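The structure displayed is predicted, hence computed values, not measured ones. Hydrogens, waters and symmetry mates play no part in the numbers below; they use all other heavy atoms, side chains included.
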Amino acid sequence: GMHCSPAPTTVTNEFAEWKGLKALGNSKGEVLRVCFCPGPQCGADTWMLLPGELNLGGTSMRWRGAATRISPADSPFTVTVDRPAFSTFTATSGWDLKVVEEFQDCSLSQRAFLAVLAGGSLLNSRNWQLVVDGDDATFRAGRYKVCACTTVVDCNANKYMPVPGSDERFLEIFKPATASTFVFSRQRYSTTLATIDAEEVTVTISGQGLQGYHTNSRLGITTGTCGTTSS
């Protein structure tokens, strides 16, 4: 897909320049192309392809998990970060991990609904348990970037780097939709006075998700409005 940059950092009569752009690669590497929109509004038909290519090399570090799309029901979810043998020699037991939204920089803090618990480590990998609290007020579904600090000493905010996944760049977090609870409208009921005088009458109200929620509901029968009931 295409990702748009912010406004240019430098503009003259001859050129426009963008500085500090970052691209999160993958474990295999890929070739990117640059598109330009002169503005002021950029629609699908206003972009032009510029000559040349950007070769984005593969990254040595990568994360993996049992899935790339998870919900709160999947937590704790194991995230493992691997490095190629002999690529670096820091002790993996000192690595640290956090997860931020895909458009955020790794120097920022992760949302409060996420918690990362340290797990075990091997010679070239370490794993963590990612806990997702779907009931937290800060919960936000979307794609998240996995960031790792592998310097061992003093993992401050500026030492976290984005790590692409083995299969996908980002980890997607979602929350399954819950069924609404309601009574179907425009229901009609019919019986006769003779029947009511002679025996009990069963009235069934149809709806969705009523079990448990409406155990304390009541039924009123009236000859007028629902504000006044008669037995």
Would you please test T150 and R83 for side-chain contact (heavy atoms from CB on, under 4.5 Å) and show each step?
-> CA-CA 10 Å; T150 60; R83 68 180 174 194; over 6 Å; no

Check: T9 side chain, E17 main-chain N or O, donor-acceptor pair, under 3.5 Å | yes

Taken to the nearest 0.5 Å, the spacing of S75 OG from L114 CG works out to 9.5 Å

How long is the span from the CG atom in L171 to the NZ atom in K145, to the nearest 0.5 Å?
-> 13.5 Å

Intermediate values then yes/no, salt bridge (charged side-chain N to carboxylate O under 4.0 Å, His left out), E168 and R69 | CA-CA 10 Å; E168 299 286 344; R69 188 171 186 266; over 6 Å; no

Transitive ILVMFWY side-chain link L117 to F113, under 4.5 Å | no

Measure the spacing between CZ of R33 and CG of L49 and express it to the nearest 0.5 Å.
-> 5.0 Å

Heavy-atom pair with the smallest gap, counting every atom of M48 and P38 | CE-CD, 4.3 Å

Straight-line distance of D82 CG to N124 CG, nearest 0.5 Å = 8.0 Å

Compare every heavy atom of Q104 with every heavy atom of S109, then report the nearest pair and how far apart it is.
-> O-OE1, 4.4 Å

When clusters are formed by joining ILVMFWY residues with side-chain heavy atoms under 4.5 Å apart, either directly or through shared neighbours, do W18 and V34 land in the same one?
-> yes

Taking the side chain as every heavy atom from C-beta outward, state whether V146 and L97 have any atom pair closer than 4.5 Å.
-> yes

Does I70 belong to the same Ile/Leu/Val/Met/Phe/Trp/Tyr cluster as F139, with side-chain heavy atoms less than 4.5 Å apart forming each link?
-> yes

Co-membership, hydrophobic cluster, residues V100 and V79, 4.5 Å side-chain = no

Can you see which heavy atom on C155 is nearest to which on G94, and at what distance?
-> SG-O, 4.4 Å

Calculate, to the nearest 0.5 Å, the distance between atoms SG and NZ belonging to C147 and K98 respectively.
-> 6.5 Å

Ignoring hydrogens and geometry, is there a side-chain-to-backbone donor-acceptor pair from K175 to G134 under 3.5 Å?
-> yes

Minimal non-hydrogen separation, M161 against C106, with atom names | C-SG, 3.8 Å

CA sep, side-chain torsions, deciding dist, call: T78, Q129, side-chain contact (heavy atoms from CB on, under 4.5 Å) = CA-CA 5 Å; T78 302; Q129 299 297 311; 2.9 Å; yes

Run the numbers on R62 and R64 for side-chain contact (heavy atoms from CB on, under 4.5 Å), then give the verdict.
-> CA-CA 7 Å; R62 60 182 183 178; R64 56 184 168 88; 6.0 Å; no

Is a side-chain N or O of R126 found less than 3.5 angstrom from the main chain of W95, in a donor-acceptor match?
-> yes

Nearest-0.5 Å distance that lies between atom OH in Y160 and atom CG in D96 | 3.0 Å

Does V116 share a hydrophobic cluster with V132, counting links as ILVMFWY side-chain heavy atoms below 4.5 Å and allowing steps through other members?
-> yes

N/O donor-acceptor pair under 3.5 Å between R111 side chain and T138 backbone = yes

T92 and L122: side-chain contact (heavy atoms from CB on, under 4.5 Å), yes or no, with the steps?
-> CA-CA 7 Å; T92 59; L122 298 174; 5.7 Å; no

